[in-house]
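Let me begin by presenting the structure, written as structure tokens, before commenting on it.
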Number of protein chains: 2
Amino acid sequence: MNRYAAPQKEIRFVLEDLLGFDAHYSGLPSGVSLDLVEAVVEGASRFSERELAPLRSTGDREGCRLLDGSVIAPTGFKEAYRKYAEDGWPSLNGHAAFGGQGLPPSVGTIVAEIMSGANLAWAMYPGLSQGSIAVIARHGSSAQKAEYLAKLISGEWTGTMCLTEPHAGSDLGLLSTKAVPNADGSYRIEGTKIFISAGDHDLAENIVHLVLARVPGAPRGTRGISLFIVPKYLNGRRNNVLCTSLEDKMGIHAASTCTLSFDGARGFLVGAENAGLRCMFTMMNSARLGVGVQSVGLMEAGYQDSLRYAQERRQMRSLAGPSDPNHPADRIIMHADVRRMLLTQRAFVEGSRALIYFLAQLLDVSNDSSEAGQQAGRLLDLMTPIAKGFVTEIGFESVNLALQVFGGHGYIRENGMEQLVRDARITMLYEGTTQIQALDLLGRKVVASRSDGLSELLMLLRREAAVSEFPQLGVYAELWQDLSSRVGELSVENLHEIGAASVDYLMFAGYVSLAYFWSRMARAAEQNDEFSRGKRATAEFYFKRLMPRAEAHRQAIFAGAETLMRIQPAEFAESRG
Amino acid sequence: MNRYAAPQKEIRFVLEDLLGFDAHYSGLPSGVSLDLVEAVVEGASRFSERELAPLRSTGDREGCRLLDGSVIAPTGFKEAYRKYAEDGWPSLNGHAAFGGQGLPPSVGTIVAEIMSGANLAWAMYPGLSQGSIAVIARHGSSAQKAEYLAKLISGEWTGTMCLTEPHAGSDLGLLSTKAVPNADGSYRIEGTKIFISAGDHDLAENIVHLVLARVPGAPRGTRGISLFIVPKYLNGRRNNVLCTSLEDKMGIHAASTCTLSFDGARGFLVGAENAGLRCMFTMMNSARLGVGVQSVGLMEAGYQDSLRYAQERRQMRSLAGPSDPNHPADRIIMHADVRRMLLTQRAFVEGSRALIYFLAQLLDVSNDSSEAGQQAGRLLDLMTPIAKGFVTEIGFESVNLALQVFGGHGYIRENGMEQLVRDARITMLYEGTTQIQALDLLGRKVVASRSDGLSELLMLLRREAAVSEFPQLGVYAELWQDLSSRVGELSVENLHEIGAASVDYLMFAGYVSLAYFWSRMARAAEQNDEFSRGKRATAEFYFKRLMPRAEAHRQAIFAGAETLMRIQPAEFAESRG
């Protein structure tokens with residue numbers, strides 16, 4: 001059933017017609033051409049369709065195995081990784097000084113969408129390396145860069161991020177892994193990390209763990225956390241870090257999720273002591289954007305399969321009379337609610353792609369110290385939790401609609417839809433849950449930062465509203481402004497107002513953000529052909545049928561913290577167990 | 001993690017304080033006392049907590065096995081079924097003439113909630129028998145009743161419903177299984193049925209399949225379908241019906257979902273030829289209500305576990321300052337959005353329980369030929385698709401919120417939350433998808449039947465609104481009325497308007513129906529204790545934070561069929577593969 005085809009035409013539309021990537025790329029210091037990038041997209045499509053998509057369901061069934069502290073990935077994964085490395089894919093974004101191709105981050109984002117759509121679990125192995133590369137490139141010493149970057153960029157080695165511990169998930173301040181200095185300047189790492197994606201595997205010859213830990217006497221909480229490089233192999237000898245168990249999970253079975261035991265492992269400090277969390281957070285925007293991208297890939301896969309099914313499967317007559325009188329039943333795409341389910345998926349996946357590619361464009365320039373670079377950074381900071389939190393929430397709805405189009409057949413493993421649902425469920429949890437994204441957006445990016453990024457975004461919305469065929473857009477921009485001020489004012493008296501509003505605020509912000517991109521897409525789809533007509537019809541569908549949800553979220557926020565906080569814990573529990 | 005405790009106090013509240021089951025039961029011809037029913041609930045709770053709940057996750061891991069055409073259920077299932085039968089649970093609702101206890105159907109509904117909450121997959125084996133009993137009791141000949149009812153009611157045998165075929169799911173008119181008369185009055189059944197729940201297993205000594213098939217010369221479509229009894233064993237010898245494969249599914253792994261091959265099996269006509277679908281549909285209301293009940297059971301299980309986790313897990317400080325200064329972090333129930341997730345679950349599960357027990361009460365009297373019985377039947381007909389379609393949709397949201405409260409730990413199998421999500425996903429699909437329920441509600445029960453049931457329901461809503469502390473209730477009742485008229489009028493010109501509105505209409509109707517019960521529950525919870533205060537706070541939460549969704553669904557309906565039907569199939573497909 002899974003016949004994933006990378007949506008190259010959709011991607012070209014976003015790059016060329018919607019977001020002006022041509023001028024964007026040629027304006028970058030690195031001066032890459034859009035033609036080159038589109039050739040990369042073509043290559044990634046071919047690789048993903050041929051090598052990765054066929055391993056999606058076999059990898060899910062087989063899962064990973066743990067053998068003597070080492071993990072073996074499912075059949076075919078290692079071979080696919082070898083081709084991936086041979087073809088130079090790991091080095092796309094890497095610095096030229098270390099063998100990288102030096103392409104801007106947005107290219108990696110596009111490639112990640114395609115690879116995740118073909119096979120999310122596989123894409124996680126190389127995906128984690130990108131964060132390690134970014135952290136070491138930014139915060140590592142020259143010696144560390146020399147030692148690790150070339151191997152990571154070539155794909156010979158892969159990387160991990162070791163943050164979570166059993167009692168420290170969202171709350172990293174609670175982590176207790178210890179790092180005790182050795183005489184030679186290295187550190188002795190002791191502790192247990194859980195939920196480490198690609199924490200061990202047999203795809204690459206070495207794994208570079210980036211580990212958060214506390215040095216002796218470090219302050220409590222998040223200000224006492226340091227960052228260490230802990231390689232699996234050190235000068236050819238095994239370091240004292242072992243995978244002690246593999247998580248048995250709802251989905252992404254083919255991706256190893258490891259408990260790593262650091263039992264006096266040798267580690268090397270990155271940056272200064274107690275500055276580890278800040279170092280790790282430099283890659284947080286791109287890591288979170290990366291999860292939003294995964295969600296787009298999954299939505300696309302679900303949309304394609306359910307669309308194909310709706311075009312082939314015949315059940316019942318169209319309510320308005322037979323559309324295929326020569327057959328005993330009509331294709332289910334002729335039923336109005338099947339179309340609602342398809343169009344909802346389409347509106348979500350294409351809207352989310354536009355949003356995320358827009359942010360990837362900002363990412364390309366956000367390290368620039370110019371005013372434009374600064375502004376890009378603010379907008380990126382503001383919108384990243386939307387791209388992660390909101391996009392994964394609608395992504396889960398979207399793949400569930402794909403399953404629903406299949407009816408009872410969607411529940412059967414061999415049709416592949418239920419795997420998409422199981423795989424998608426992780427995206428609302430890792431790299432910060434939806435709740436964490438919502439607090440980041442409303443608490444940190446809107447209320448605490450006095451909404452600089454928001455003002456700039458609202459300016460974009462108002463400018464678009466002035467030329468849009470959807471007059472609601474301007475109204476929503478003003479509502480967003482008012483809502484933000486209102487929650488900000490209420491929070492002065494009661495900080496619970498931020499938590500109480502947070503997820504509904506995130507969802508409101510997400511729907512309005514997508515409205516902005518759908519308005520732009522409707523204008524950009526200006527031809528009189530099937531592609532453009534379909535695009536404009538989807539824009540209209542989005543505004544008429546999905547945007548009313550934004551208002552429901554706004555109304556829920558008006559209920560205030562009182563509806564949540566007045567109730568006593570005992571009143572929750574009284575009647576149970 | 002799964003420490004399911006049957007919510008007996010909640011159930012008593014609904015029976016005693018909310019729905020007046022005392023007077024209801026004593027007013028029935030059978031004259032059962034509420035005390036007796038509550039003793040049954042207590043017994044079912046004990047049995048489910050001790051025997052069924054411990055098999056929930058082990059059954060999920062082990063799944064079913066197929067050996068030489070026969071299915072073996074997971075370890076412990078057969079033993080639990082033996083106790084279940086020994087204790088007399090299968091006979092709860094059966095006719096006294098055949099060894100049944102003759103309790104009203106509502107008692108079976110309550111027991112089904114408890115057993116589904118403890119272990120949905122297990123509960124499906126005996127659950128399917130109830131439909132078979134109802135059909136044979138109503139449409140079988142005296143000889144058939146004598147032959148089958150006592151064995152089914154004692155639990156020695158179980159039953160199935162064999163409707164679906166590979167190309168006939170929602171569209172039963174397409175089914176092609178054949179039934180050719182034999183000289184002795186029996187029929188020779190040839191064909192393949194799929195997705196047959198409990199289609200084979202080793203819990204009982206015989207299985208009575210109720211099979212839809214076509215006799216020679218039968219009219220095409222649904223008017224040419226006949227109903228047959230096809231026992232697995234006939235006079236001690238195996239009949240020609242084999243399980244040829246087991247579905248590998250997203251969830252309910254421990255429930256066998258069979259492909260049954262009827263290869264010249266002997267079958268016996270029930271009722272008249274070509275009247276089979278009508279016979280089968282006599283048990284449709286209770287079967288669909290049964291799925292709504294399963295959803296309530298799953299929501300309850302998820303709510304209990306996530307509530308317990310939220311009371312124990314500590315992460316981060318409450319935004320308004322430390323609530324437990326002596327610990328390094330606060331319990332997550334002190335975070336506003338965790339409360340939103342808990343209260344949403346609570347509002348859904350308790351509201352749905354009230355709705356479904358209300359319908360079960362109607363079911364008790366709906367076969368009565370009095371005017372009250374007729375009216376109960378109309379209300380039941382109207383509200384059953386809500387109890388199935390809407391309750392399973394919010395049920396899926398609810399168990400996903402339970403998982404989300406656990407954060408990343410919710411994605412791990414051993415914590416049990418992800419199983420609830422996988423298990424719950426089937427409820428939106430079987431016994432008619434959400435889409436089928438929505439068309440049944442809007443197309444058949446509202447537009448085509450001129451809304452008799454709806455008028456009666458709206459009368460109840462208006463009467464409640466007059467005494468409610470939630471003035472919105474009356475407003476929603478009028479909106480429901482207007483919305484129904486409006487869609488009815490539009491559909492005169494374009495029947496697609498019904499399909500286009502259907503699912504949003506179902507959701508609107510569901511939210512307003514739950515509002516009715518939450519208004520009543522707030523009034524019924526009149527004590528000044530934790531139980532009553534928690535109940536009233538949840539009612540307020542429901543009206544303020546969840547009811548705005550109803551308006552979003554209403555607005556979506558106003559978009560009309562045009563937003564869905566104008567777009568051409570090629571415009572959907574143009575940019576993909």
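Reminder, nothing fancy here: chain letters follow the sequence lines and each chain counts from 1.
Counting heavy-atom pairs closer than 4.5 Å to chain B, the top-ranked of the candidates D337(A), V338(A), T563(A), L172(A) is D337(A). The residue among R425(B), M565(B), E497(B) with the most heavy atom pairs within less than 4.5 Å of chain A is R425(B). Each of G221(B), G169(B), A501(B), S532(B) has some count of heavy-atom pairs under 4.5 Å with chain A, and the biggest count is that of G169(B). Counting heavy-atom pairs under 4.5 Å between each of A550(A), A310(A), A559(A), G321(A) and chain B puts A559(A) at the top. In terms of heavy-atom pairs under 4.5 angstrom with chain B, the leader among G251(A), S491(A), G173(A), A438(A) is G251(A). Between chain B and the options R413(A), R331(A), R314(A), E418(A), heavy-atom pairs under 4.5 Å are most frequent for R413(A). Interface check for chain A: of the options N494(B), L546(B), L342(B), L343(B), the most heavy-atom pairs under 4.5 Å are formed by L343(B). Comparing I333(A), V421(A), V503(A) by heavy-atom pairs within less than 4.5 Å of chain B, the highest count is held by V503(A). Ranked by heavy-atom pairs under 4.5 Å with chain A, the first of R549(B), R422(B), Q311(B) is R422(B). In terms of non-hydrogen atom pairs under 4.5 Å with chain B, the most contact-rich of G407(A), P7(A), G560(A), A561(A) is G407(A). Between chain A and the residues Q555(B), E10(B), R317(B), the most heavy-atom pairs under 4.5 angstrom are made by E10(B). In terms of heavy-atom pairs under 4.5 angstrom with chain A, the leader among F543(B), Y430(B), F396(B) is F396(B).
Contact annotation for N400(B): both backbone and side-chain heavy atoms come within less than 4.5 Å of a heavy atom of chain A. For A320(A), the parts lying under 4.5 angstrom from a heavy atom of chain B are both the backbone and the side chain. Contacts between F558(B) and chain A at a heavy-atom distance below 4.5 Å are absent for every atom of the residue. Both the backbone and the side chain of I412(B) come within contact range of chain A, judged by heavy atoms closer than 4.5 Å. Within the 4.5 angstrom heavy-atom criterion, atoms from both the backbone and the side chain of I252(B) approach chain A. For A168(B), the part lying near chain A is the backbone, with the side chain staying farther off; criterion is any non-hydrogen pair under 4.5 Å. Contacts of E350(A) with chain B are made by side-chain atoms alone, with heavy-atom separations under 4.5 Å and no backbone atom involved. Proximity to chain A is limited to the side chain of S502(B), based on heavy atoms less than 4.5 angstrom apart. Neither the backbone nor the side chain of E493(B) comes within contact range of chain A; no heavy atoms are under 4.5 Å apart. Only the side chain of R220(B) comes within contact range of chain A, with at least one heavy atom under 4.5 Å from a heavy atom of that chain. If you measure heavy-atom distances from I194(A) to chain B, the contacts under 4.5 Å come from the side chain alone. If you measure heavy-atom distances from T434(B) to chain A, the contacts under 4.5 Å come from both the backbone and the side chain. Looking at E49(B), neither its backbone nor its side chain comes within 4.5 Å of chain A, counting heavy atoms on both sides. Heavy atoms of I436(B) lying under 4.5 Å from chain A belong exclusively to its side chain. Using a 4.5 Å cut-off between heavy atoms, I426(B) touches chain A through backbone and side chain atoms alike. In this structure, chain B has a heavy atom under 4.5 Å from the side chain of R346(A), while its backbone stays farther away. Proximity to chain A (any heavy atom under 4.5 Å) is shown, for M547(B), by neither the backbone nor the side chain. With a 4.5 Å cut-off on non-hydrogen atoms, R12(B) does not touch chain A at all.
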side-chain contact (heavy atoms from CB on, under 4.5 Å) between R339(B) and F572(A), intermediate numbers included: CA-CA 9 Å; R339(B) 287 175 171 235; F572(A) 273 105; 4.1 Å; yes
Stepwise side-chain contact (heavy atoms from CB on, under 4.5 Å) check, R576(A) with K9(B): CA-CA 8 Å; R576(A) 261 77 177 190; K9(B) 188 165 181 178; over 6 Å; no
From CA spacing to verdict: side-chain contact (heavy atoms from CB on, under 4.5 Å), L403(A), M250(B): CA-CA 11 Å; L403(A) 188 160; M250(B) 181 181 195; 4.2 Å; yes
Stepwise side-chain contact (heavy atoms from CB on, under 4.5 Å) test for L174(B) and Q315(A): CA-CA 8 Å; L174(B) 299 176; Q315(A) 289 284 280; 3.5 Å; yes
E551(B) vs R554(A), salt bridge (Lys or Arg N to Asp or Glu O under 4.0 Å): CA-CA, chis, key distance, verdict: CA-CA 12 Å; E551(B) 181 61 16; R554(A) 205 173 68 93; over 6 Å; no
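In this structure the side chain of H335(A) never reaches within 4.5 angstrom of the side chain of L439(B), judged on heavy atoms. Two residues are said to be in side-chain contact when any heavy atoms from C-beta on lie closer than 4.5 Å; R313(B) and H167(A) meet this criterion. Within the 4.5 Å cutoff, the side chain of R61(B) has heavy atoms near those of the D248(A) side chain. The closest side-chain heavy-atom distance from R545(A) to L564(B) is below 4.5 Å. Put simply, the side chain of E530(A) does not reach to within 4.5 Å of the side chain of Q568(B), judged on heavy atoms. The side-chain heavy atoms of E540(A) and R566(B), taken from C-beta on, include a pair separated by under 4.5 Å.
In terms of heavy-atom proximity, A500(A) sits nearest to A336(B) at N-CB, 3.4 Å. When every heavy atom of L319(A) is checked against every heavy atom of H496(B), the shortest pair comes out as N-CE1, 4.2 Å. Residues A556(A) and P548(B) come closest through the heavy atom pair N-CG, 4.3 Å. For M316(B) against S170(A), the heavy-atom pair with the smallest separation is SD-O, 4.1 Å.
Expressed to the nearest 0.5 Å, how far CG of D529(A) lies from CD of E571(B) amounts to 9.0 Å. To the nearest 0.5 Å, atom CZ of residue F406(A) and atom OG1 of residue T433(B) are 14.5 Å apart. To the nearest 0.5 angstrom, R533(B) atom CZ is 10.0 Å from I567(A) atom CD1.
With sequence neighbours left out, the ring-ring contact (aromatic ring centres under 6.0 Å, His included) criterion links H409(B) to F195(A).
Under the 3.5 Å distance criterion, the side-chain polar atoms of Q435(A) are left unmatched by any main-chain donor or acceptor of Q404(B).
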